[in-house]
Amino acid sequence: MMKIAVLAGDGIGPEIVAQAVRVLEILKSDGLAIELENALIGGCAVDATGEPYPEATHRLASQADAILLGAVGGPRYDTLPRHQRPERGLLAIRKELNLFANLRPAILYPELANASSLKYDVVAGLDIMIVRELTGDIYFGEPRGMEMRDGQRVGFNTMIYSESEIRRIAHVAFQAAAKRQKKLCSVDKMNVLECTQLWRDVVTEVAREYPQVLLSHMLVDNAAMQLVRNPKQFDVLVTGNMFGDILSDEASMLTGSIGMLPSASLDEKNKGLYEPIHGSAPDIAGKDTANPLATILSVAMMLRYTFNQEEAAQRIEHAIKKVLAQGIRTKDIAEPGGQWVGTRAMGDAVLS
Ligand code: NAD
């Protein structure tokens with residue numbers, strides 16, 4: 001049985017998740033053993049319980065094999081004390097479930113290439129995956145702080161990775177590459193930072209277990225440049241938390257369509273949290289105009305990475321390609337002045 005916790009969240013979250021759930025229901029009626037259960041996270045959880053990540057949600061999420069999340073947040077919650085902010089719910093679930101591996105594909109369907117700020121030829125057909133380590137690096141390293149030294153303020157952080165942390169994210173990246181074009185580029189700054197020399201050494205060691213995957217290394221400054229110069233040279237990129245933060249945003253923006261991009265955050269047993277990369281879009285919530293495709297594509301990632309159901313994952317991805325080829329668009333991806341359909345109608349198109 002595939003146990004999926006469904007956390008729709010706030011804003012457009014319930015609208016887009018509803019369409020993804022319809023896709024899961026179809027797969028269920030076709031024979032996949034899927035069990036869905038809903039729980040609250042974010043602002044709606046604060047409204048109901050006073051907490052953005054209530055105990056009941058934590059219990060459900062801990063017991064589930066995978067979690068489908070819409071988005072959290074909204075202006076109504078921006079004045080709450082920090083511990084009650086919806087985004088705290090997200091940080092809590094990632095941390096408590098030890099979701100250390102963040103997978104963010106950046107895919108640009110040829111039909112949508114005009115949405116990118118780069119030239120058509122550079123990005124049409126782009127399909128890369130950034131694997132970012134999510135629970136270590138300079139974001140969590142100790143010591144950290146600000147203090148007075150010699151009569152002036154200094155700020156400091158610690159970039160730190162243990163070999164076990166590097167090894168486990170490297171395995172995730174090699175396995176992802178093995179399921180794709182079998183090319184992995186590891187990004188570091190080994191010419192300056194010892195921490196990332198260790199990163200390069202350990203990734204190189206792990207590579208021996210994946211002879212079918214071609215490993216290369218690139219310095220982060222060059223990687224940032226190559227991503228805009230010739231992004232299609234990449235298949236999978238793997239990097240640490242801070243470099244990955246920056247490069248994954250850069251890569252997703254190559255596509256220019258925030259409503260199209262899914263993501264996964266995995267633990268050591270490939271349990272995962274799947275969500276679109278965009279937020280709760282309060283400006284369009286409740287208007288049936290949000291694009292549900294990023295959330296539906298998150299379901300495809302869930303089937304691939306947590307449940308090993310490659311065929312079902314591809315079925316969803318093919319359906320979306322077909323819908324786009326037919327010219328069906330939500331407002332965010334329509335040509336200026338062009339026709340577009342609502343959230344539910346886009347769900348209908350994918351289902352049919
Ligand atoms: P956003 O991603 O919600 O919206 C940015 C812009 O993109 C908006 O104009 C929005 O209408 C549009 N957009 C986003 N998703 C879309 C979709 N599926 N279809 C069509 N258009 C879409 O970012 P924001 O406005 O900076 O943040 C809004 C709220 O979301 C804030 O409270 C923020 O904290 C929260 N947030 C949550 C997450 C998350 O849940 N993972 C991520 C980012 C932001």
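When a ligand or atom number is given, it counts from 1 through the structure's own listing order. Everything numeric here is computed off the predicted structure, so don't read it as measured data. Just so you know, these numbers use all the heavy atoms, side chains as well, and skip hydrogens, waters and symmetry mates.
For T57 (side chain) and L40 (main-chain N/O), a donor-acceptor pair under 3.5 Å exists by modelled atom type.
The number of heavy atoms from other shown groups lying within 6.0 Å of NZ (K95) does not exceed 12.
Near A71, the atoms of ligand 1 lying under 4.0 angstrom from a non-hydrogen atom of the residue are 40 (O). Listed by number with element, the atoms of ligand 1 under 4.0 Å from a non-hydrogen atom of E87 are 32 (O), 33 (C), 34 (O), 35 (C). Less than 4.0 angstrom separates some heavy atom of G279 from each of these atoms of ligand 1: 1 (P), 2 (O), 3 (O), 30 (O), 36 (N), 37 (C), 38 (C), 42 (C), 43 (C), 44 (C). Each of the following atoms of ligand 1 lies closer than 4.0 Å to a heavy atom of E275: 41 (N). Near G73, with a cut-off below 4.0 Å to any heavy atom, the atoms of ligand 1 are 32 (O). Annotation for ligand 1: atoms under 4.0 Å from non-hydrogen atoms of G74 are 32 (O).
Regarding atom 8 (C) of ligand 1, its nearest protein heavy-atom neighbour is D283 OD2, 3.5 Å.
Considering backbone and side-chain N/O of G259, none are found under 3.5 Å from N/O of ligand 1. By the 3.5 Å distance cut-off applied to N or O atoms, T289 is not counted among the residues near ligand 1. Considering backbone and side-chain atoms alike, A290 places every N or O at 3.5 Å or more from each N or O of ligand 1. For D78, no nitrogen or oxygen atom sits less than 3.5 Å from a nitrogen or oxygen atom of ligand 1, counting backbone and side chain alike.
At a cut-off of 3.5 Å, with distance as the only test, no side-chain donor of N230 or Q226 sits close to an acceptor on the other residue. Counting only N and O atoms by type, the side chains of Y274 and T306 include a donor and acceptor under 3.5 Å apart. Residues Y77 and D47 bring a donor and an acceptor atom of their side chains to less than 3.5 Å of each other.
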Extract all donor-acceptor atom pairs below 3.5 Å that involve side chains of residues 206-213 and protein atoms in other chains or at least two apart in sequence.
unit_1 : atom_1 : unit_2 : atom_2 : d
Y210   : OH     : H171   : ND1    : 2.7
Y210   : OH     : Q175   : NE2    : 3.0

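The shortest separation from a heavy atom of L90 to ligand 1 is under 4.0 Å, placing the residue in contact. Contact analysis puts P282 in contact with ligand 1, with a non-hydrogen atom separation below 4.0 angstrom.
If you look at T330 next to ligand 1, there are no close heavy atoms at all, none under 4.0 Å.
Taking a cutoff of 4.0 Å between a charged side-chain nitrogen and a carboxylate oxygen, R200 and D188 qualify as a salt bridge.
Distance NZ/K331 to CD/Q339: 13.5 Å, rounded to 0.5 Å.
The option with the heavy atom closest to atom 30 (O) of ligand 1, from among P292, S280, G43, is S280.
Residues F307 and L32 are not in side-chain contact: their nearest non-hydrogen atoms beyond the backbone lie 4.5 Å or more apart.
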